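What you see is a predicted model; the values in this text were computed from it and never measured. Start at 1 and go down the list; that is how both ligands and their atoms are numbered.
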Amino acid sequence: MVRVFVTRKIPDNGIEMLKRAGFEVDVSPKNRPLSKQELVRALRRKPYDAVLSLLTDQIDAVVFDAAPRAKIFANYAIGFNNIDITEAKKRGIFITNTPGGGADRVAEHTWGLILALTCKIAESDQFMRKGKYKGWDPMIFHGTKLSGKTLGIIGTGRIGADVARRALHGFEMKVIYYDIIRNEKLEQEFGAAFKPTVEEVLREADIVSIHVPLTKETTHLINSERLALMKPTAFLINTARGPVIDEAALVFALQSGEIAGAGLDVFENEPKIAKGLVKITNVVLTPHIASATKEARLDMARMAAENIIVALEGKTPPNKI
Ligand code: GLV
C-alpha cells in the first residue's frame, strides 16, 4: 500500500486525484497547522511514501527522519521557505511547489492593496461604517494619483513581472526594478528600468512592491536604514513573505511619517502582527490571502497531487525545486 499524509485539509480535487491513483490518503483532522511535535507524531504512525505539506509546516531534518520512506514533500504553496531544501537534496527527497497556482492572483491582490491605500478605500470604508459621513466634503480623503508615478519592484520573477505589466498597461506608471538577475524581457516589454541596488529603487519609487522569495539574504532586506531612504509620500507593499521586512522598523517608519503607508498581506511572525500596526490608519492589512481564489486553491491542489503521483511513479515531478 502506498501512503500519503496531508498535513491539513485542502480542496477535495487533490485528495481525490491521490485516491484515484490508488494511494491511501490520511488528512490531518485538525483544522489548524500542526505543531512540529504533532507533525512528527503523525508521520511516525504509518510508513508514508509522500507528504503534502503547507507553507505553515516547518519541514526539516527532524521531520524527514519521521518519514524515512517519503520520496517527496509536495508543498501546497508558491513559496517554499518553510522547507530545508539543502537537507532534502542531501537525502534525495523531491521538494515541489505549486508555482502557477495563484501567481497572477497575487499580482491582482498586490494591486488591490495599492489601490486600497492610494484611493484610501480601507480607511474611508471604516469612516462610512462608523457613521462619520456628513455629506460631500472637498477636504477629506485626498488619495494619490497613480498615472505618471513610479512603481519600484523588488524581485521580478513571475509575480513581480505580472505586477509590472499591470502597472504599465493598467495605470500608465513608470516601472523601475531591482533583482539579482537582470530581467531583459521586463525591460523590453514594459520599458522597466533596471536599478543596480535596492537603495536606488527605494529612493526613486512612489510605490515599492516586494516580490522576492524569503532566504537568508532577503531576511530583513527592508530594514530601518532602507526605509529611511524612501520618499515620505511613498507606499510599501508586501505580498511575498513577512520576514523580508523588519516589521518593528516598519511600524516606526509609519508612525514617524517616514513613509506614507503600507499594504501588507504577510507578516514577520504570522499569525501575530507587530505591536502598533493595527492602530495605524494608513495601513491596509490582509491575512495572507493574496493567492486565495477558488480557482487558485483548486489548481494548487491539482498541482501538488500531480507532483506526488509523478514522483511515486519514479519520475521527476513537474514542479521540482
Ligand atoms: C502563499 O504565500 C504561497 O506561497 O503560495
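Backbone and side-chain nitrogen or oxygen atoms of R241 are examined, and one is located within less than 3.5 angstrom of a nitrogen or oxygen of ligand 1. Inclusion of A77 in the set of residues having an N or O under 3.5 Å from an N or O of ligand 1 is not warranted.
Close approach of ligand 1 to I78 is summarised as follows: ligand atoms under 4.0 Å from at least one heavy atom of the residue are 3 (C), 4 (O), 5 (O). Here is the list of ligand 1 atoms found below 4.0 Å of a heavy atom in G79: 3 (C), 4 (O). Close contacts of ligand 1 with H288, meaning ligand atoms under 4.0 Å from a residue heavy atom, involve 1 (C), 2 (O).
Two residues are said to be in side-chain contact when any heavy atoms from C-beta on lie closer than 4.5 Å; M303 and N319 meet this criterion.
Here the options are R105, H109, H211, the test is side-chain contact (heavy atoms from CB on, under 4.5 Å), and the partner is I159; only H211 passes. Residue F73 forms a ring pair (Phe, Tyr, Trp, His ring centres under 6.0 Å) with just one option from F64, F80, Y48, and that option is F64.
Only the side chain of L55 comes within 4.0 Å of ligand 1, counting heavy atoms alone; its backbone N, CA, C and O stay farther away.
If you check the side chains of S28 and T7, you find no donor sitting under 3.5 Å from an acceptor.
In this pair, F190 and H169 present their aromatic rings perpendicular. The plane angle is above 60°, beyond the 30 to 60° band.
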